[in-house]
S.K.: 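This is the structure I want to talk about, given as structure tokens.
The figures that follow rest on heavy atoms only: side chains count, while hydrogens, waters and symmetry mates do not.
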Amino acid sequence: MAGMASEPGAQSRVMFQTKEEEPAQRKLGKLTVKYNRKDLQRRLDVEEWIDGQLHLLYDCEEEEIPDLEIDIDELLELTDEEQKTRLHELLQECGKPKEDFINGLLYRMKGLRKMSGSLKK
């Protein structure tokens, strides 16, 4: 019977705890998906459009473009007029007309969501 007494003790292992951890790991995977592919692709398209337009505006290779960072998230926090003002400030060194670029960018930014902040549903 001593052998039988040790067997039930051996059966009371921590098997149930590992099964409880598995669903938590699956939920964690669902929580890490923050943006859908369509949103990310749209933002990438806008960023590529900006890059191409800057090459045309400055009429030079990428290495020769002045140190210029157009932060889409920053612009999304501003009103339409503030966005235009900010873009004029950023592009002040450009000698070519900038209105088409600015209007095109503002049009393409419509519907984009800020990426750096947390999304609330």
Side-chain angles (χ1 to χ4, degrees):
M1 285 289 184
M4 293 281 270
S6 65
E7 283 181 24
Q11 286 180 345
S12 61
R13 50 188 172 221
V14 191
M15 188 108 165
F16 293 107
Q17 289 180 351
T18 58
K19 286 186 178 183
E20 288 176 12
E21 290 176 12
E22 289 175 16
Q25 290 174 347
R26 288 185 196 134
K27 287 181 185 176
L28 180 63
K30 290 180 183 177
L31 293 175
T32 59
V33 177
K34 202 171 186 179
Y35 310 105
N36 69 34
R37 203 173 272 214
K38 185 178 178 182
D39 289 342
L40 293 172
Q41 185 61 51
R42 224 174 137 214
R43 177 171 283 256
L44 179 62
D45 291 344
V46 170
E47 290 176 358
E48 287 176 348
W49 181 85
I50 290 171
D51 188 48
Q53 293 299 307
L54 289 177
H55 288 289
L56 294 174
L57 277 175
Y58 286 94
D59 197 24
C60 60
E61 295 300 318
E62 187 170 344
E63 302 81 34
E64 299 169 4
I65 293 176
D67 189 23
L68 177 67
E69 182 179 343
I70 297 177
D71 186 344
I72 293 174
D73 287 331
E74 174 192 336
L75 291 172
L76 288 172
E77 293 176 352
L78 304 174
T79 66
D80 289 349
E81 282 306 311
E82 290 171 330
Q83 289 174 347
K84 284 183 181 182
T85 302
R86 180 68 181 134
L87 288 168
H88 275 289
E89 291 170 2
L90 291 170
L91 298 169
Q92 65 187 0
E93 292 179 25
C94 179
K96 292 187 176 181
K98 318 172 243 297
E99 283 304 315
D100 287 343
F101 170 77
I102 291 172
N103 291 332
L105 177 56
L106 295 178
Y107 174 77
R108 284 168 176 76
M109 284 177 40
K110 298 284 186 215
L112 284 182
R113 292 186 292 172
K114 189 175 171 193
M115 292 284 186
S116 59
S118 62
L119 293 178
K120 296 177 183 176
K121 287 190 176 183

S.K.: Listing request: all salt bridge (Lys or Arg N to Asp or Glu O under 4.0 Å) pairs with a residue in residues 81-91, at least two apart in sequence or in separate chains.
M.R.: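 Sorted pair list: Glu74-Arg86, Arg86-Glu89.
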
S.K.: Test Ile50 against Leu54 for side chain to side chain contact (heavy atoms under 4.5 Å, CB included), laying out the working first.
M.R.: CA-CA 6 Å; Ile50 290 171; Leu54 289 177; 3.9 Å; yes

S.K.: Measure the spacing between NE2 of His55 and CG of Leu57 and express it to the nearest 0.5 Å.
M.R.: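 Interatomic distance, His55 NE2 to Leu57 CG, rounded to 0.5 Å: 11.0 Å.
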
S.K.: Mind checking the NZ-CG spacing from Lys110 to Leu76? Nearest 0.5 Å is all I need.
M.R.: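 One gets 10.0 Å once the value is rounded to the nearest 0.5 Å.
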
S.K.: For residues 95-106, please give each side-chain donor-acceptor pair under 3.5 Å, one per line with the distance, not counting sequence neighbours.
M.R.:
{"unit_1": "Lys96", "atom_1": "NZ", "unit_2": "Leu56", "atom_2": "O", "d": "3.0"}
{"unit_1": "Lys98", "atom_1": "NZ", "unit_2": "Cys94", "atom_2": "O", "d": "3.1"}
{"unit_1": "Glu99", "atom_1": "OE2", "unit_2": "His88", "atom_2": "NE2", "d": "2.7"}
{"unit_1": "Asn103", "atom_1": "ND2", "unit_2": "Glu99", "atom_2": "O", "d": "3.2"}

S.K.: State the CG-CG distance between Leu75 and Asp80, to the nearest 0.5 angstrom.
M.R.: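 Reported to 0.5 Å precision, the distance equals 11.0 Å.
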
S.K.: Just verifying a value: how many Å separate Met109 CE and Leu78 CG, rounded to the nearest 0.5 Å?
M.R.: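 With rounding to 0.5 Å, CE (Met109) is 8.0 Å from CG (Leu78).
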
S.K.: Counting C-beta onward and ignoring hydrogens, is there a side-chain heavy-atom pair between Glu77 and Asp71 closer than 4.5 Å?
M.R.: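 In short, these two side chains do not touch, never coming nearer than 4.5 Å.
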
S.K.: Testing the basics here: between Arg43 and Asp73, what is the closest heavy-atom pair and its distance to 0.1 Å?
M.R.: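 Scanning both residues completely, I find the closest heavy atoms to be NH2-OD1, 3.0 Å.
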
